[in-house]
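Taking it in order: structure first as structure tokens, then the write-up.
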Amino acid sequence: MKLIIAVIKPFKLSELVDAVATNPNFPGMTVFDVRGFGREKTLPHHRERAEDLRDFTDHVTCLVASPDDQVDGLVDEIRSVTHTGLAGDGKIFVINLDQAMR
């Protein structure tokens with residue numbers, strides 16, 4: 001099994017859910033809100049308070065545990081639905097999932 005971690009723009013989430021809902025083999029996903037920044041924001045910053053995180057961008061992270069034979073298709077589907085072509089679209093990571101329990 002593999003774990004697909006997709007960090008996407010929040011406004012693309014409902015479109016992604018609609019797309020995967022039509023796939024009878026889709027295993028389901030867990031979604032949570034995240035904030036972060038990419039390479040363009042790696043300069044050191046001085047902040048007075050923790051609330052001064054204005055440089056961070058809101059994203060949504062989707063976790064999908066998938067059988068190995070479905071990973072490529074799911075990644076392609078996630079990419080095609082969530083890609084806007086603009087910087088900061090997000091990232092998709094695929095990592096080995098050695099064990100999963102209910």
Side-chain angles (χ1 to χ4, degrees):
M1 285 191 79
K2 305 281 188 201
L3 180 63
I4 302 169
I5 304 168
V7 182
I8 65 171
K9 293 284 192 181
F11 68 88
K12 286 292 194 173
L13 180 60
S14 58
E15 197 175 329
L16 177 60
V17 170
D18 290 345
V20 299
T22 61
N23 181 345
N25 295 322
F26 188 76
M29 76 172 126
T30 300
V31 177
F32 50 96
D33 295 323
V34 296
R35 299 177 75 192
F37 61 88
R39 250 182 263 153
E40 66 279 356
K41 298 284 187 175
T42 57
L43 298 173
H45 289 78
H46 173 72
R47 289 184 171 64
E48 297 293 324
R49 309 180 305 274
E51 295 82 31
D52 291 339
L53 299 177
R54 291 183 289 270
D55 297 2
F56 285 61
T57 303
D58 292 331
H59 280 83
V60 173
T61 295
C62 305
L63 303 177
V64 180
S66 171
D68 290 341
D69 62 338
Q70 294 181 19
V71 169
D72 291 338
L74 290 172
V75 168
D76 288 344
E77 188 168 18
I78 293 168
R79 183 180 355 182
S80 68
V81 170
T82 62
H83 180 75
T84 67
L86 302 174
D89 257 358
K91 300 273 189 273
I92 300 174
F93 306 97
V94 179
I95 60 175
N96 288 324
L97 184 59
D98 294 329
Q99 190 176 29
M101 291 171 258
R102 289 187 153 221

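Residue pairs meeting the side-chain hydrogen bond (donor to acceptor under 3.5 Å, both in side chains) criterion with at least one partner in residues 79-88, sequence neighbours excluded, are D76-R79, H83-D89, T84-D89. Residue pairs meeting the side-chain hydrogen bond (donor to acceptor under 3.5 Å, both in side chains) criterion with at least one partner in residues 3-25, sequence neighbours excluded, are K12-E15. For residues 58-69, every residue pair satisfying the side-chain hydrogen bond (donor to acceptor under 3.5 Å, both in side chains) rule, not counting sequence neighbours, is listed here: R35-D58.
Alongside F26, the hydrophobic cluster contains I4, I8, L13, L16, V17, V20, M29, V31, V60, V64, V71, L74, V75, I78, V81, I92, V94 (criterion: ILVMFWY side chains under 4.5 Å). Annotation for M101: hydrophobic cluster partners, listed by chain and number, are none (ILVMFWY side-chain heavy atoms under 4.5 Å, direct or chained).
The minimum heavy-atom distance between P27 and Q70, with the atom names listed, is CD-OE1, 4.4 Å.
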